[in-house]
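The next block holds one structure in the form of structure tokens; read it before the comments.
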Number of protein chains: 2
Amino acid sequence: MAAWNKLAIIAGGGELPVLLAAHLAAQGADFWIARIAHYADPALDSYPGATFNIGEMGGRIAAMKAAGCDAVALIGIVRRPDLAQVKFDEYGLTLLPRLADAARQGDDALLRVLVGSLEEAGLSVIGAEAAFEGLLATAGAYGAHAPDERALRDIAKAARVADALNAWDVGQAIVVCDGLVLAVEAQEGTDAMLARTAMLAEEVRGSQAARRGVLLKRPKPNQERRVDLPTIGVRTIEGAARAGLAGVAIEAGGALIARREDVIARADALGVFVYGFTAADLA
Amino acid sequence: MAAWNKLAIIAGGGELPVLLAAHLAAQGADFWIARIAHYADPALDSYPGATFNIGEMGGRIAAMKAAGCDAVALIGIVRRPDLAQVKFDEYGLTLLPRLADAARQGDDALLRVLVGSLEEAGLSVIGAEAAFEGLLATAGAYGAHAPDERALRDIAKAARVADALNAWDVGQAIVVCDGLVLAVEAQEGTDAMLARTAMLAEEVRGSQAARRGVLLKRPKPNQERRVDLPTIGVRTIEGAARAGLAGVAIEAGGALIARREDVIARADALGVFVYGFTAADLA
């Protein structure tokens with residue numbers, strides 16, 4: 001079914017690369033992991049692969065091809081590096097002017113250069129969800145709880161504001177409660193944003209006894225959707241619950257969910273919804 | 001020179017109301033302070049005036065008029081209240097439907113209803129800077145330091161992104177470094193935003209040894225500029241300095257500066273710029 005024979009995984013931090021590898025291994029699929037030094041989880045060391053510094057771009061491509069890979073998925077967390085500090089290999093150095101130029105335009109432009117370099121090398125770049133369908137957000141309510149009218153209004157507003165923000169490559173997450181924007185994520189990450197939301201006065205955010213407001217994550221309007229989709233996991237649910245929010249909304253087909261069953265169980269237990277919104281919810 | 005005879009000040013929290021009162025007292029001007037309970041600084045108790053709960057809207061207006069005031073300035077910090085918890089007086093209750101409706105549209109809509117209620121009562125609503133010119137941000141570099149080309153590029157980008165955000169009533173402040181949006185303020189306030197910027201990796205934000213990036217504050221595009229202008233003070237400068245930023249940019253004519261001389265002295269000592277940008281800087 002897959003349009004490739006052997007998948008390479010360029011693995012950053014966090015559990016998504018580990019989940020993807022475990023899924024592929026369970027299926028008996030042939031894959032090879034290019035671990036990014038200082039980011040990739042040590043659990044990945046047990047699979048076929050090798051570790052490269054972030055700037056070893058030529059070495060990494062050569063190794064993936066030598067391993068027989070014809071497709072590659074980029075997955076996991078990598079903080080934007082200071083290009084002046086990165087040790088590039090010879091091929092990486094040839095990309096440096098394009099990388100430096102893209103860096104000024106934002107994270108998405110930077111990723112496009114990386115994707116382009118892989119494609120130029122003859123590798124087909126795929127989204128991780130193409131290799132692991134269960135990762136991708138589907139439409140509708142996931143667990144026992146669903147958004148009410150009030151939460152659906154917050155979802156619609158949050159989606160529009162997120163779209164306006166994301167057009168500027170600001171971030172992918174936002175908290176809205178009763179139409180008021182409580183928090184916007186930029187470089188600090190969703191967990192930090194939820195933690196400060198929990199510190200706002202309950203007048204604006206609701207409480208665990210009377211939940212109000214939503215965390216929404218959606219991709220940037222022109223985003224290269226094969227890489228860097230917004231992600232939620234159990235920690236996201238717990239952070240939203242601590243902030244007194246009613247639930248978490250992600251764009252159906254536009255977000256990854258780590259450990260979907262665990263996410264649903266935790267959301268059910270905490271009394272928050274997880275909802276995959278579609279264009280119909282924003283009308 | 002002033003277009004009013006006696007000014008009323010509706011005083012929220014922070015030092016701006018105290019500075020305004022001290023300035024007016026030093027000038028021998030006739031003024032009267034409507035202190036907002038739980039917000040106004042106790043230092044204001046020594047001036048003519050009275051204290052009102054936030055919902056005593058009829059009582060406050062009657063008292064300002066009984067004191068002979070013909071104009072009013074709203075100044076100082078007030079967190080958005082939960083309208084369901086506010087104890088309104090009779091007149092306040094008549095405003096409640098409009099307030100509740102406005103609250104869903106954002107802070108600015110809420111303030112417009114308040115301003116409208118004062119004007120309907122025959123009070124002329126003025127900006128605090130009309131009574132204290134030294135509060136308003138002027139154009140250009142303020143102290144010993146000025147933005148370089150790199151910082152001016154960040155200012156131009158930050159101003160455009162802030163404009164896009166503020167059209168959604170998100171906030172008034174943003175941090176940009178080398179074109180990358182590091183932080184966006186919503187309900188948490190500028191100090192909290194700068195504190196988390198200081199916790200980001202130095203790769204994206206610069207350091208005290210090699211400063212990079214700017215904090216920018218500007219009003220919302222359609223904002224009622226007589227109330228709620230963005231404000232900076234010494235703490236803003238110190239927060240920006242701790243975050244490794246090169247400086248602070250405010251819109252000339254669109255921001256208030258508390259203790260301007262102190263702000264300049266602190267910025268000079270810490271090696272950061274304070275810059276009043278104009279449309280010419282964004283071209």
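Per chain, numbering begins at 1; letters A, B, ... match sequence-line order.
- Of the residues considered (B:Val176, B:Leu165, B:Ile174), B:Leu165 shows the highest number of contacts with chain A, using heavy-atom pairs under 4.5 Å.
- Contact annotation: the side chain of A:Val184 approaches that of B:Val170 to within less than 4.5 Å [non-hydrogen atoms, C-beta and beyond].
- For a residue to count as touching a neighbouring chain, one of its non-hydrogen atoms must lie under 4.5 Å from one of that chain's; by this rule B:Leu200 touches chain A with the side chain only.
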With 3.5 angstrom as the limit, list the donor-acceptor pairs from chain B to chain A, or say none if there aren't any.
from	atom 1	to	atom 2	distance (Å)
B:Leu182	O	A:Gln187	N	3.2
B:Gln187	N	A:Leu182	O	3.2

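- A:Leu93 pairs by the side chain to side chain contact (heavy atoms under 4.5 Å, CB included) definition with A:Phe88, A:Leu96, not counting sequence neighbours.
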